[in-house]
Amino acid sequence: MNDNPCIQLRRDFPIFEVSVDDQPLCYLDSAATTQKPNQVIQAVKNFYQSQNANVHRGLHTLSEQATTAYEAVRAKLAQFLNVQSREIVWTSGATASLNLIAYGLSDSLKKDDVILLSPLEHHANIVPWQLAAQRTGARIELLPVDAQGILQLEQAKALIEKLKPKVMSICHASNALGNINDVAALIARSKSSGTVTVVDGAQSLLHLRPDLQQLDCDFYVFSAHKALGPTGLGGLYGRYELLNALPVYQSGGEMIDTVSFSGTTFRPAPEKFEPGTPNIAGVIGFGAALDYLAAQDHDALFRHEQSLYQSLLQQLNEIDGIRIWGDTANNVGTVSFSYKNEHHYDLATLLNTHGIAARSGHHCTQPLMAHLGIEGTIRVSLAFYNNQQDIRRFIVALKDTISLLEE
Amino acid sequence: MDLSHIEHTLAQHGAWQGKYREIMLLGKALPAMPDALKTDAALVKGCESKVWLHLDLDEQQQRLVIIADSDTRIVKGLLAIILACYNNQLPQEAGKLDAYELFDKLGLIKHLSPSRGNGVRAIVERIHQQLQVLQ
Ligand SMILES: Cc1ncc(COP(=O)(O)O)c(C=O)c1O
């Protein structure tokens, strides 16, 4: 029998019982959003059915219970990331987190200061910095990435020492290519320049389960929906002194100490960054996702993802004309490829007729695609609930698609 | 290529692979646009793939001559269908056509994702905009 626990875990995900266009779903788009286990779906449902109340208001029992459950998830996440609860801020997602940080750090940027990014970044980790640069006169510089899409670590370290950036914001893993960047090494190198370091963890929270003390970053952002949790929720970690020093981004109720028309004082972080009624059900659901992940042997999940990734790579490499982009030696299990001169749109449209859910296009990384000299790719992104059958189905569909295109 | 022929051919295929094969064949039959005509001004915005379109009237009969191309095989095939619908019409007749409805009738719209559907819509809107300029 198979002792791989992931074979069983797939049963926790009800979406795999669904058929799409009369075919069983072959879901290979987990980098866009992960599927949700029953435990998360039930937690959200139970909350609305029997626990729904607003948090941090009133002392009636239901509200107190909701507040306790809500705050317990903050503590759970803090433990998951090996940081303190007060260093976690809930937002609506990685995008909102990056906006909050880029806006907040603008106060400490001035003309000609360097904001260091990489060509691998998602638009969400580019545009907020462009706005910050416009506001302050700071300039954006890029870390070196080669023609295959791999960050050049030694050159990158040298560049950090040369430029002494005020801010460096880099993805832990690339959403377009799956590359894992050695962010710890880059952060270590930036320490002597006093750089504020931001890690975009949208693609790493699930696959790499990072220990933020080891990464030693100042900020880390994520989206819950990319780690089994509900959509519309994300958050950030901020090293407390830095976090608490950021100016208020959005304001309203729940984040204030006192309000009068002669002046308002704010609560300390994290409350000062969480105005209004938060996504309570989302947080509760994400708590169930964290419990689910904590109950698994992370190494076993990672090994399973990597073995699927290796067989996918191997089978793709056997097809003449496939060009795989990115770093296949350090990868979260995402394959981005082109086939000869065929347009990704044609490939994806035909793959879809086989029930394959894969992403095509520029993956919100237009500068990266321009750097690679392509319009877009087909992206297959895996998670632990995928199996060898998914890979086989994909390869059969791809071969069929190719022969149709080449008729 | 006339429309009833296209309709008939597509209807023969139950499976989508077969329909797309026919669509791509229609695209192959469409003459390629010379690179010099693939200008930014000719690009249709709102399509996931690149689509170029030029519209004119033939001098003698004042009927529509549209030439179009795409960098993808499938969209090029969809363009062939749109052109079969519009080309050779008098501008005032063409102004009354709705290719989106045609796609619906061909059973294509339902299975085109919103972005692809919007691509068709953007192409058709561009044709109608230019028709107004001509009239
Ligand atoms: C690396 C990376 N950063 C940021 C984001 C933005 O996440 P969200 O759309 O959930 O805010 C994504 C989502 O695709 C991503 O992959």
Side-chain angles (χ1 to χ4, degrees), chain A residues 19-29 32-33 123 176 321 338-366 369-370 372-379 393-407, chain B residues 9-10 12-30 32-33 35 38 40 43-52 68-82 103 106-123:
Chain A
S19 40
V20 180
D21 296 336
D22 301 326
Q23 305 180 72
L25 172 66
C26 184
Y27 191 74
L28 299 172
D29 197 16
T33 194
H123 295 163
S338 336
Y339 176 74
K340 294 187 182 164
N341 282 327
E342 294 298 336
H343 200 287
H344 54 80
Y345 175 91
D346 289 327
L347 285 159
T349 302
L350 296 175
L351 285 169
N352 183 52
T353 65
H354 295 266
I356 307 290
R359 177 107 182 247
S360 68
H362 54 63
H363 320 297
C364 295
T365 56
Q366 283 179 5
M369 296 297 130
L372 300 177
I374 52 181
E375 299 264 336
T377 69
I378 299 283
R379 182 186 74 182
R393 267 188 69 191
F394 172 73
I395 294 290
V396 168
L398 181 62
K399 286 183 174 163
D400 189 84
T401 293
I402 286 173
S403 63
L404 189 54
L405 286 173
E406 294 192 335
E407 248 175 36
Chain B
T9 318
L10 289 179
Q12 282 179 331
H13 296 275
W16 273 90
Q17 283 94 332
K19 286 193 204 290
Y20 282 125
R21 174 186 284 119
E22 297 297 342
I23 291 171
M24 289 191 290
L25 284 173
L26 291 171
K28 264 190 192 160
L30 198 66
M33 185 184 279
D35 282 346
K38 292 181 179 171
D40 280 354
L43 263 181
V44 181
K45 291 212 171 64
C47 302
E48 201 181 311
S49 57
K50 285 204 176 103
V51 170
W52 299 270
D69 206 345
S70 165
D71 59 349
T72 78
R73 296 172 189 269
I74 292 171
V75 176
K76 194 166 177 189
L78 298 175
L79 280 170
I81 299 175
I82 295 176
F103 272 68
L106 295 177
L108 293 175
I109 218 70
K110 170 159 94 91
H111 287 267
L112 297 178
S113 75
S115 64
R116 275 173 268 161
N118 287 339
V120 172
R121 187 169 268 162
I123 292 162

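Throughout, protein chains are lettered first and strands after them, A, B, ... in sequence-line order, and every chain is numbered starting at 1. Everything numeric here is computed off the predicted structure, so don't read it as measured data.
Proximity to chain A (any heavy atom under 4.5 Å) is shown, for B:K19, by neither the backbone nor the side chain. Using a 4.5 Å cut-off between heavy atoms, A:E375 touches chain B through its side chain atoms alone. Heavy atoms closer than 4.5 Å to chain B are found in the side chain of A:D400, but not in its backbone.
Checking A:E342, A:E406, A:E407 one by one against B:R73, the salt bridge (charged side-chain N to carboxylate O under 4.0 Å, His left out) holds for a single residue, A:E342.
Comment: B:K50 does not engage B:D69 in a salt bridge, judged by the lack of any side-chain N to carboxylate O separation of less than 4.0 angstrom.
With a 6.0 Å radius and a threshold of 12 heavy atoms from other residues, nucleotides or ligands, B:K38 has its NZ atom above the threshold.
Between A:Y345 and A:H343, the two ring planes are perpendicular [angle over 60°; tilted spans 30° to 60°].
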